[in-house]
Number of protein chains: 2
Amino acid sequence: MKSHPGTQEIEQKLIAGLREKGYKLTSQRLEIIKLLSHDRSHPGAMDILEKVRQKAPKISMSTVYYTLEMLKKEGLIGELEFYDKDNRYDVNVSNHINLICKECGKIEDFTRELPFSSEVIEELTGFRPVGIRFEYYGYCKGCRDKRKR
Amino acid sequence: MKSHPGTQEIEQKLIAGLREKGYKLTSQRLEIIKLLSHDRSHPGAMDILEKVRQKAPKISMSTVYYTLEMLKKEGLIGELEFYDKDNRYDVNVSNHINLICKECGKIEDFTRELPFSSEVIEELTGFRPVGIRFEYYGYCKGCRDKRKR
DNA sequence: TTTCATATTCGGAATGGTTCCTAATTGTTT
DNA sequence: AAACAATTAGGAACCATTCCGAATATGAAA
């Protein structure tokens with residue numbers, strides 16, 4: 001597992017954000033937050049359930065979804081939605097581009113200045129953006145290397 | 001319904017592309033192609049079914065999906081996939097940005113030069129893109145005007 | 001500490017767009 | 001006209017997510 005900078009900070013940010021809004025910090029929520037802060041592979045709900053069960057064996061899928069929904073609603077995590085595979089969750093809530101491998105499903109962040117600001121879009125089209133979704137679909141280095149062998 | 005340029009050309013392109021690959025041009029397929037060429041609102045499968053049934057009353061949902069899958073596979077149409085609403089289809093297969101209204105569901109095309117070419121992405125990350133999905137979510141002019149009233 | 005109100009959790013049923021399956025039909029070739 | 005393959009129709013199956021009702025745990029107040 002690649003280690004990311006600021007794992008600890010993100011964990012604290014999520015906990016603080018949750019308390020700030022008056023939510024209770026239950027053991028289930030704490031484990032989910034710890035996992036999300038630490039595991040930056042954009043896990044799905046089932047991934048999260050399985051990994052959190054190693055710490056909290058009795059947690060249910062309903063709770064995972066309920067908690068993710070809450071964190072999402074409060075803007076503390078982002079959700080990437082797919083119709084043909086399970087949704088994926090990410091503590092990186094900044095506007096960024098996702099690189100999605102069509103072979104292994106891995107999602108990498110590609111953080112760069114984005115081309116068209118909301119203001120520019122609205123000026124040109126009359127459409128007022130409030131959120132974005134920028135993705136490249138393709139093949140990650142790992143999968144391409146495997147194929148070459 | 002806004003009229004788009006090249007409706008006729010697109011219709012011919014789809015028909016030709018289909019024949020080229022050895023597919024049969026059945027009455028069902030012709031009606032679906034005519035609808036997609038003419039109706040550039042990014043209709044979903046159910047929209048297409050209902051509208052095409054005005055011309056071909058006995059067409060089934062299976063046929064609609066089968067035909068869309070074929071056109072998609074041959075690169076003649078694009079598909080926008082959503083987990084929480086029905087997928088949408090588009091004869092505009094160029095790389096472009098979609099502006100998606102969160103209120104009425106309307107999808108507008110915003111065709112501009114995109115920021116990062118596949119080559120640049122690969123150079124910077126090792127990830128090789130083969131497709132993109134760029135979307136802004138927000139509120140279209142129509143819906144914002146309605147609200148103001 | 002005990003009580004209380006309610007937020008949270010849990011298990012399972014329901015949902016719904018899409019996919020899958022099978023049989024009937026159509027079109028094409030010999 | 002017969003044989004073959006592609007296409008179509010209808011409906012069942014799929015499955016991640018949402019929804020529901022009942023049980024439980026939490027933090028605040030007494």
Side-chain angles (χ1 to χ4, degrees), chain A residues 14-33 35 42-53 55-74 76-89 100 105 107, chain B residues 14-15 17-33 35 42-53 55-74 76-90 100 105 107:
Chain A
L14 295 194
I15 291 172
L18 180 150
R19 285 211 161 108
E20 212 166 280
K21 301 283 184 171
Y23 294 100
K24 295 173 181 168
L25 180 61
T26 63
S27 62
Q28 293 95 329
R29 287 176 180 175
L30 181 58
E31 290 305 331
I32 291 174
I33 285 175
L35 178 78
H42 305 72
M46 184 60 84
D47 299 327
I48 294 169
L49 178 69
E50 287 171 356
K51 287 176 179 163
V52 167
R53 274 199 169 149
K55 299 290 184 61
K58 302 178 72 85
I59 193 173
S60 73
M61 187 56 117
S62 301
T63 299
V64 171
Y65 276 113
Y66 188 91
T67 301
L68 291 171
E69 171 65 22
M70 177 202 68
L71 292 171
K72 183 177 57 162
K73 193 166 57 187
E74 298 306 335
L76 296 168
I77 63 171
E79 180 185 41
L80 268 179
E81 303 168 339
F82 301 97
Y83 97 108
D84 62 346
K85 50 180 173 287
D86 55 336
N87 296 342
R88 310 284 285 271
Y89 301 87
I100 303 174
I107 301 179
Chain B
L14 295 195
I15 292 172
L18 183 149
R19 285 210 161 109
E20 214 167 277
K21 301 283 187 173
Y23 293 101
K24 295 173 182 168
L25 181 61
T26 64
S27 62
Q28 292 96 328
R29 286 174 181 176
L30 181 58
E31 291 305 331
I32 291 173
I33 285 174
L35 178 79
H42 306 71
M46 183 61 86
D47 300 326
I48 294 169
L49 178 69
E50 287 171 356
K51 288 177 180 163
V52 166
R53 273 198 169 150
K55 300 291 183 62
K58 303 178 72 85
I59 192 172
S60 73
M61 188 56 117
S62 301
T63 299
V64 171
Y65 275 114
Y66 188 91
T67 300
L68 292 171
E69 170 66 22
M70 177 200 70
L71 291 170
K72 184 178 54 161
K73 193 166 56 186
E74 299 305 335
L76 296 167
I77 64 171
E79 182 186 39
L80 268 181
E81 303 167 340
F82 301 98
Y83 99 107
D84 62 347
K85 50 179 173 288
D86 55 335
N87 296 341
R88 310 284 285 270
Y89 300 88
D90 187 1
I100 303 174
I107 301 179

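Here is the naming used below: chain letters follow the sequence lines, and residue numbers restart at 1 for every chain.
Taking Ile15(B) as the reference, Glu11(B), Gln12(B), Arg19(B), Leu25(B), Leu30(B), Ile33(B) meet the side-chain contact (heavy atoms from CB on, under 4.5 Å) condition, with sequence neighbours excluded. For Ser60(A), the side-chain contact (heavy atoms from CB on, under 4.5 Å) partners are Ser62(A), Thr63(A), not counting sequence neighbours. Applying the salt bridge (charged side-chain N to carboxylate O under 4.0 Å, His left out) test to Glu74(A) and every residue at least two apart in sequence or in another chain returns Lys21(A). Remark: Tyr66(B) engages Arg29(B) in a side-chain contact (heavy atoms from CB on, under 4.5 Å) (not counting sequence neighbours). Residues that satisfy the salt bridge (charged side-chain N to carboxylate O under 4.0 Å, His left out) test with Glu81(A), not counting sequence neighbours, are absent from this structure. Legend: residues meeting salt bridge (charged side-chain N to carboxylate O under 4.0 Å, His left out) with Glu79(A), ordered by chain and number and at least two apart, are Lys72(A).
The footprint of chain B on DNA chain D, defined by a heavy-atom cutoff below 4.0 Å, extends from dA6(D) to dT18(D).
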How does each nucleotide of nucleotides 5-21 of chain C score, in 5' to 3' order, for protein heavy atoms under 4.0 Å: base (B), sugar-phosphate only (S), or none (-)?
--SSBBBB----SSBB-
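No donor-acceptor distance shorter than 3.5 angstrom exists from the side chain of Asp90(B) to the backbone of Ile77(B), with no hydrogens or angles considered.
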